[in-house]
Amino acid sequence: MAVRGRLRVLLGAAPGVGKTYMMLEEGHRLHDLGKDVVVAVVETHEREATAALLNGLELIPRRTVEHRGIILTEMDLDAVIARKPALALVDELAHTNAPGSANAKRWQDVEQILAAGIDVISTVNVQHIESLNDVVEQITGVPQRETIPDSIVRSADQIEVVDLTPQSLRDRLAEGQVYPAARIDAALSNYFRLGNLTALRELTLVWLADEVDQALQRYRAEHGIQEKWEARERVVVALTGGPEGETLLRRGARVAARSGSGELLAVHVASQDGLRESDPAALAAQRKLVEELGGTYHQVVGTDTPEALVAFAKASNATQLVIGVSRRNRLTAFLTGSGVGATVIRESGDIDVHIVSHAAAAGGRNLPKFRRTGALSIRRRVYGFALALIAGPLLTLALLPIRSPDSLTAETLSYQLLVVVVALVGGIWPALFAAVLSGLTLDFVFVSPYNTLTIGLPTHLLALALYIVIAALVSVVVDQSARRTRSAARASGESELLVTIAGSVIRGGDAVQSLVSRTREAFGLKAVRFIADDGAVMTVDGDIPADAVPTRVPVGERGSLELFGDDLQAGDRRLLSVIVTQLDAALEHADLSNAAQEVGPLEATDRVRTALLAAVGHDLRRPLAAATAAVTSLRTAGSRLSSRDKVELLDTAEVSLRNLADLLTNLLDVSRVQAGVLAVSLQPVDVEDLLPPVLDELSIRPGEVTIDVPEDLPPVTADPVLLRRAIVNLLSNALRYSPVGQPPRLSASTFGGQVEVRVADHGPGVPDDRKEEIFHPFQRMGDTDNNAGIGLGLALTKGFVEGMGGTLVADDTPAGGLTMVLALPVDQESVARRAQSRADAGLADDGPADDDADDDGRADGGPASEPVKGA
């Protein structure tokens, strides 16, 4: 049994990226190395460079198939298997074979070739992959008639992306390296739009990345590998607001960069722990540095810094965590528990922790002063009890050598000092414990009679009671101080969070998204979603858990926030109310900005209208004055004028009055368009039928305009009068700006359920930043010739087209100039009737689809449609 051949697929984002060319180049390279290579089937699409690469390679002759009187050629599968080369080059893997072939699809032919032990190199475009069919249709507006199962492509032994930047592909197209010249403009305006190509390129890379990930998962499953593999580094840097921040950020950036595609995240935990030595100015500078390094800045509020830091890192799927060496001295670390670094390392799990030394570390010359910050934690209470149990006996042993009736005062004060120290460390309960324990010790060891708990004098009992009361009061003071410190730290953390949120809003960008993201981070929520008052989801941050019941918080009258996660405490809700108020203000600001943007063009139009009022008056006066002069001359000197002079004066009056009527009609139509009262009568219209009256109206002679309208162009839904006027205006402009010897071109094609009529000229063109401006009323683009009118033509045309449910956009003409693209919906009922008529006449199309995507992209979802072979 023959060993199965190996399949190598060259995957492209769009036709024309060079898949076939690369396949033939690889065939030559392997042929030169001595490998037996044949060309089973290749579509050159009349490209000279591609056809030239066939020289020197053995070509298997194609077999011919007759279908409805048309001769089609297909790959000769039997001949390829009989030839049994080491490698076969098979172009267009998704191709549909002609009826009568052994297999319906070319990929099925390739399966047989592989089963025969022959290696295959083939090509395919991303739009043909079955799982991406609907996505590609959404992007391009064109359904794909030919698809290939994902499993076939994924089963390939090697998949390579043949990549070309979208602009480079458009440049190749404009230079005629992909399509014939007659199809370039249509391709650039439709399938090969820059946005389409960018989206298809991203789709290709994402699909391949998913394939690589699945391959990795299969490998790990086959080898029983359970450990977590991180193919991409995600580095979290902890910022304290101290001077060490820049050092940590640069170290984190280097760690992220070592993986080639690492991600850098910086986080500041606003809490009451030892990292509260934050400087707002330093944090602002560090945030700017994060953005310069290509990272993102985040801020959370947490009562426990290590816990909040590790939680953020885990939520961010971090692989590395960078923190600085503690700036606290040993006494601070002892009284407040183990350092942040030790706790983070203990809680980090499989996240690698980097502790970076810096100039501000503890023991340095710029050591910050110790401050008791934070509430009395359980750890501190434990330390208090331990201090009472250990220091009490040691103090007793130290005082025994000086025991005497006269030393009782000194011994009492010594134990009182111990109680105060315990209170400072552990708070009220360890202090009360130390007070009772030391009181009993004083009575048993140092009060006569010794070694008994008998109190001989009432004053001794009073002294012991006062002793315990003093200890309790001191511990109460310490506990209240700790609580106030905790509240102050919380307020400070909230203030820093609000400052961060306000800064992100002031700096611009999407303020609503920023506020939603900061809300989730600040309260440790799983997800936050903002819903407008009409129920529309405006923005979401985080992954919403399944079947989760959110907490809804109203945001004025504009919508509500939905919080997914644990219930918020009272203090958190107070902070949330402030954030909600700011979110409401941000929404109001956005509404005002949108209103200002809408008013701006109106103000600009008013200024232009005022500036051109003189020109309008001149254009109105000129035909009126000419007509008046002609009529006056006829009336006053009619008897003395020759017949020729009378005819000229009458012609002048007639032309002037006609121009005046046209001008007034345009002004009235503009008013109707702007007022939204344009009368539109929609019906099926054949564009081809409108062309003769358009040419007659403009008095166009043969050769003055190039027309390319296919005979099978479907009807559109339009108003025939308005559509005729729109085409007349567009073609009139194109004639005005076309150079001598370069006539304008009027073409039409079908794309995405619409018929697009393109009027292209090779004149000076229009800059990109003024393409929208030309559709405003009273725009003449700097033309001061009064014969050009008053700038209403394109404004009227756009109004007419939009009134019919279509669009009108301006685009660049390849090799220079302006192309106006008028798009109207196809009249589906007329198309259905025509299809039914063809079916009744026995002309239904059941032939194979022409999948020459690399030729014109039409049959398989390219820029335009064309008759299928055999139709």
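Bear in mind the structure is a predicted one, so any value in this text is a computation, not a measurement.
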Subject >> Any side-chain heavy-atom pair of T204 and V161 under 4.5 Å >> reply: yes
Considering all heavy atoms of both residues, which atom of [X] and which atom of [Y] are nearest to each other, and what is their separation?
| X | Y | answer |
| --- | --- | --- |
| I159 | V153 | CD1-O, 3.3 Å |
| T123 | E92 | OG1-N, 3.0 Å |
| A823 | V801 | O-CG1, 4.3 Å |
| N125 | A14 | OD1-O, 3.5 Å |
| E43 | D91 | N-OD2, 3.2 Å |

Subject >> Sole candidate of L824, D686, D827, V826 that passes side-chain contact (heavy atoms from CB on, under 4.5 Å) when paired with V755 >> reply: V826
Original post:
Do D812 and R758 pass the salt bridge (charged side-chain N to carboxylate O under 4.0 Å, His left out) test, and can you show the C-alpha distance, the side-chain angles, and the key distance before you say yes or no?
Top reply: CA-CA 11 Å; D812 293 327; R758 294 172 202 81; over 6 Å; no
Would [X] and [Y] count as having a side-chain donor-acceptor pair, cut-off 3.5 Å?
| X | Y | result |
| --- | --- | --- |
| D761 | S738 | no |
| D811 | T819 | no |
| T96 | E146 | yes |
| R833 | S830 | yes |

**OP:** Indicate yes or no for a side-chain donor-acceptor contact from S122 to the backbone of V90 under 3.5 Å, with no hydrogens or angles considered.
**Re:** yes
Original post:
CD of E829: more than 12 outside heavy atoms within 6.0 angstrom?
Top reply: no
